[in-house]
Amino acid sequence: MTRTLAAEAAKHVGKTILVRGWLHKKRLLGGLNFIVIRDRSGLIQVVIKDEQEVEKLRGLQIGTVLSVNGQVKKEPRAVGGAELHDPKFEIEVEVSDEPPVEIDKPLSHKPENLDTLFDNRAIGLRNLNEQSIFKIQAEVEESISRYLKSQDFIKFNSPKLLPGATEGGAEVFRLDYFGKEATLAQSAQFYKQIMVGVYERVFEINPTYRAEPSATTRHMTEFITIDAEIGFVDLDELLDLLSNLVNSVVDAVWQKYEPELKDWNATKPVLSAKLPALTMADIHKKYSQATGEDTTKELDLIPKEERWICDYAAKNLGSEAVYVTEWPVADAKFYHKLYNDRPKLAERFDLLFRGVEIATGSMREHRYDKLVKQLKEKTGASPDDAGFKYFLQAFKYGLPPHGGFGMGLERLTEQLIGLNNVKEATLFPRDINRLAP
RNA sequence: GGGGCUGUGGAGCAGCGGAGUGCUCGUCUCCCUGUCACGGAGAAGGUCGCGGGUUCAAGUCCCGUCAGCCCCGCCA
């Protein structure tokens, strides 16, 4: 007999079907007994009266893999409107150990319990609420791909093992590479720019690695970045594209997973079609005036400012996401393009969403001579270093004006759902204290 | 790296100087024919993170240490 999924059972009322899955819940009442089976489609309840069949289940723990033949009965009292009667069980994988966490009710996401949550991740993820986080995340990823492809982007993959030299800023992981030193990619930056010379519009969704000793609710040592790069654009077009992308992702995810999002008490983000943009100087000024704390000397936004300006934008600009533009050159990377008329400012932006930075982007310096000059000034490195040489080659042989952005998949998921820690939106988080599971 | 907070059966918590570490969930046994956070009766399961100290008496107070979390810094 071919397998029928739990969610499809209601279509087979009166017929005998085969369901395969995991024992999710046992309620043995005596003469009348219920169990719930979980498969990839969801849950189905089985009603057991036959004592011999009940005996097969005795001693088996949640997680037991089993298959069951049973007759589908329409039953409004059961989840999904149908349940299985007169079941015959076959135990496929017997589980006799009690699971370390209960998976049939919500798991604790309190900060002090996250350690337990992650230590038991392999089992805890079977919880339907945990599952929903990563279904939502999968749709975030899918909808990003769909939107970018609809705009003529080509998806590609860049290498994550790189020769020593780096773009500066974050610390990188160093590792032995057959006697030479290699690093783990801190971004897809150089490769996506190189690919602009090939396809004009490219993106990838892959892991990136940072060896920062950060212990916060926003940072991990490994995370997934959506890296996009676009040729023949200016800053306004770039900001518009990202605005449209974010709006389209929010719509897609809410359309597909509204019940799951509401289970997490999520609210649909209020976003303007064109996300509002405020300059760094303006935000410092507004924040300093509102709070009395002077941040006008800061290069970047401090975390409190990020939260404050998001509140401000939600209340005054009709958007829970807001761009920060016009970054001081002192905080710019060597590949950032500076404003022609204001060389103290870079054409860089961050996108803040619900108090957290979810994306960063910029126009890139595409003129070879200027780029080499900025490289030398900013990093002190030689253009002949293996880490820069091939990147620069792309410019020497013609890259158009271009720009792009990197967006954190886990941070976006976290903020869409309303979680408090980016690790909760990560299947198997990696941070300064955790390397397993 | 700096500051703060927290470590108590498998999970989540209470106890904060004094009788026998208590509760909820889970597990096991028994009862239960519509449960769905089932209900009822009983049972098992603890080096109270670890090491010192104070005290007649220490999960409880002090010191150290380890682990985790939160904030700051770094960073995205």
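Because only heavy atoms are used, hydrogens play no part in the values below, and waters and symmetry mates are left out as well, while side chains stay in. Every chain is numbered from 1, with letters handed out A, B, ... down the list of sequences.
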(request) Working to the nearest 0.5 Å, report the span between CG of A:Leu392 and CG of A:Leu375. (result) 6.0 Å

Under 3.5 Å between N/O atoms: give me all the protein pairs with nucleotides 1-5 of chain B, atom names plus distance.
none

(message) side-chain hydrogen bond (donor to acceptor under 3.5 Å, both in side chains), that's the test. Do A:His336 and A:Glu347 meet it? Break it down for me.
(response) CA-CA 7 Å; A:His336 286 163; A:Glu347 289 194 44; over 6 Å; no

(request) Using atom CZ of A:Arg27 as one end and atom C1' of B:U35 as the other, report the distance to the nearest whole Å. (result) 6 Å

(message) Measure CZ/A:Arg121 against C1'/B:G68 and give the value in whole Å, please.
(response) 16 Å

(request) For B:C48 versus B:G40, give the span between their P atoms, rounded off to a whole number of Å. (result) 32 Å

(request) Round to the nearest Å and state the distance from A:Arg210 atom CZ to B:C74 atom C1'. (result) 12 Å

(request) Any chance you could measure A:Glu130, atom CD, to A:Lys135, atom NZ, to the nearest 0.5 Å? (result) 13.0 Å

(message) Can you measure A:Leu114 atom CG to B:C70 atom P for me and round it to whole angstrom units?
(response) 6 Å

Taking N or O atoms only and anything under 3.5 Å, show me the protein contacts with nucleotides 28-30 of chain B, one pair per line.
from: B:C28; atom 1: OP1; to: A:Gln61; atom 2: NE2; distance (Å): 3.2

(message) Could you tell me how far B:U29 sits from B:C5 if I compare only their C1' atoms? Round to whole Å.
(response) 42 Å

Return the polar atom pairs (N/O with N/O) between nucleotides 12-14 of chain B and the protein under 3.5 Å, or none.
from: B:G12; atom 1: OP1; to: A:Asn113; atom 2: OD1; distance (Å): 3.4
from: B:G12; atom 1: OP1; to: A:Thr116; atom 2: OG1; distance (Å): 3.2
from: B:G12; atom 1: O3'; to: A:Asn113; atom 2: ND2; distance (Å): 2.9
from: B:C13; atom 1: OP1; to: A:Lys110; atom 2: NZ; distance (Å): 2.4
from: B:C13; atom 1: OP1; to: A:Asn113; atom 2: ND2; distance (Å): 3.0
from: B:C13; atom 1: OP2; to: A:Asn113; atom 2: OD1; distance (Å): 3.3

(request) Salt-bridge test for A:Glu414 and A:Arg411: reply yes if a basic N is under 4.0 Å from a carboxylate O, no otherwise. (result) no

(message) Let me confirm one number: the NZ-OG distance from A:Lys333 to A:Ser362, rounded to the nearest 0.5 Å.
(response) 9.0 Å

(message) Measure CD/A:Glu75 against P/B:U35 and give the value in whole Å, please.
(response) 10 Å

(message) Taking any heavy-atom pair under 4.0 Å as a contact, classify A:Glu83: base, sugar-phosphate, or nothing.
(response) base

